[in-house]
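What follows is a set of notes on a single structure, which appears directly below.
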Amino acid sequence: MSHKAGVYKLLGLARRAGAVAPGTDAVRRAVLEGEAMLVLMAGDASSVQLDKVRKTLRDRTIPQVILGNRHTLGAAVGLGSLSAIAVTN
């Protein structure tokens with residue numbers, strides 16, 4: 001199993017455990033509420049969506065990673081295409 005495949009599998013487990021905030025708005029809300037532990041963004045997400053998330057992350061020490069594309073990010077958590085996902089506590 002590749003590292004990326006392992007990450008996608010773990011995201012699916014996190015989703016089933018209720019520890020994922022899927023989508024740009026949910027990610028921003030999780031960051032503002034102090035629930036986000038990690039933010040994953042799709043490499044093909046629009047610059048507008050990425051800028052929204054990055055502005056919310058400004059001055060915070062939450063790790064952020066570009067991972068895959070919108071389709072694979074959404075599929076990892078059993079949803080349609082997503083620009084961003086936050087792993088929550």
Closest heavy-atom pair and its distance - [X], [Y]:
X: Lys52; Y: Arg28; result: O-NE, 3.6 Å
X: Ala21; Y: Ala30; result: CB-CB, 4.0 Å
X: Ala84; Y: Val53; result: CB-CG2, 4.2 Å
X: Ile66; Y: Gly43; result: CG2-CA, 3.5 Å
X: Ser83; Y: Thr24; result: CB-OG1, 3.8 Å
X: Asn89; Y: Gly34; result: ND2-O, 4.3 Å

Spacing of Lys55 atom NZ and Leu50 atom CG [to the nearest 0.5 Å]: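 If I round to the nearest 0.5 Å, the distance is 12.0 Å.
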Value rounded to 0.5 Å, distance of CG in Leu67 from CD1 in Ile85: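 Going from CG on Leu67 over to CD1 on Ile85, the span is 8.5 Å.
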Donor-acceptor contact present, side-chain Thr88 to main-chain Ala19, <3.5 Å: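 Yes; judged by distance alone, with no hydrogens or angles, the pair exists.
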Side-chain heavy atoms of Arg60 within contact of Leu32, under 4.5 Å: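 In short, these two side chains touch, coming nearer than 4.5 Å.
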Test item: Leu73 and Leu11 side chains (from C-beta on) under 4.5 Å apart, heavy atoms: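 Yes, at least one pair of side-chain atoms sits under 4.5 Å.
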Stepwise side chain to side chain contact (heavy atoms under 4.5 Å, CB included) check, Leu79 with Arg15: CA-CA 10 Å; Leu79 298 172; Arg15 167 75 176 186; 3.6 Å; yes
Stepwise side chain to side chain contact (heavy atoms under 4.5 Å, CB included) test for Val27 and Thr56: CA-CA 9 Å; Val27 168; Thr56 307; over 6 Å; no
Shared hydrophobic cluster, Val65 / Val87 (ILVMFWY, side-chain heavy atoms < 4.5 Å):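 They do share one cluster, since a chain of ILVMFWY contacts under 4.5 Å joins Val65 to Val87.
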Stepwise side chain to side chain contact (heavy atoms under 4.5 Å, CB included) test for Val7 and Lys4: CA-CA 5 Å; Val7 170; Lys4 279 188 181 181; 5.5 Å; no
Pair Gln49-Met41, side chain to side chain contact (heavy atoms under 4.5 Å, CB included): steps then yes or no: CA-CA 9 Å; Gln49 296 298 316; Met41 296 175 279; over 6 Å; no
All side-chain contact (heavy atoms from CB on, under 4.5 Å) counterparts of Thr72, not counting sequence neighbours: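 Scan of Thr72 (side-chain contact (heavy atoms from CB on, under 4.5 Å), adjacent residues dropped) gives Tyr8, Asn69.
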Of all pairs that satisfy salt bridge (Lys or Arg N to Asp or Glu O under 4.0 Å), the ones with a partner from residues 65-89, not counting sequence neighbours: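 As it turns out, the salt bridge (Lys or Arg N to Asp or Glu O under 4.0 Å) pairs with a partner in residues 65-89, which skip direct neighbours, are Asp44-Arg70.
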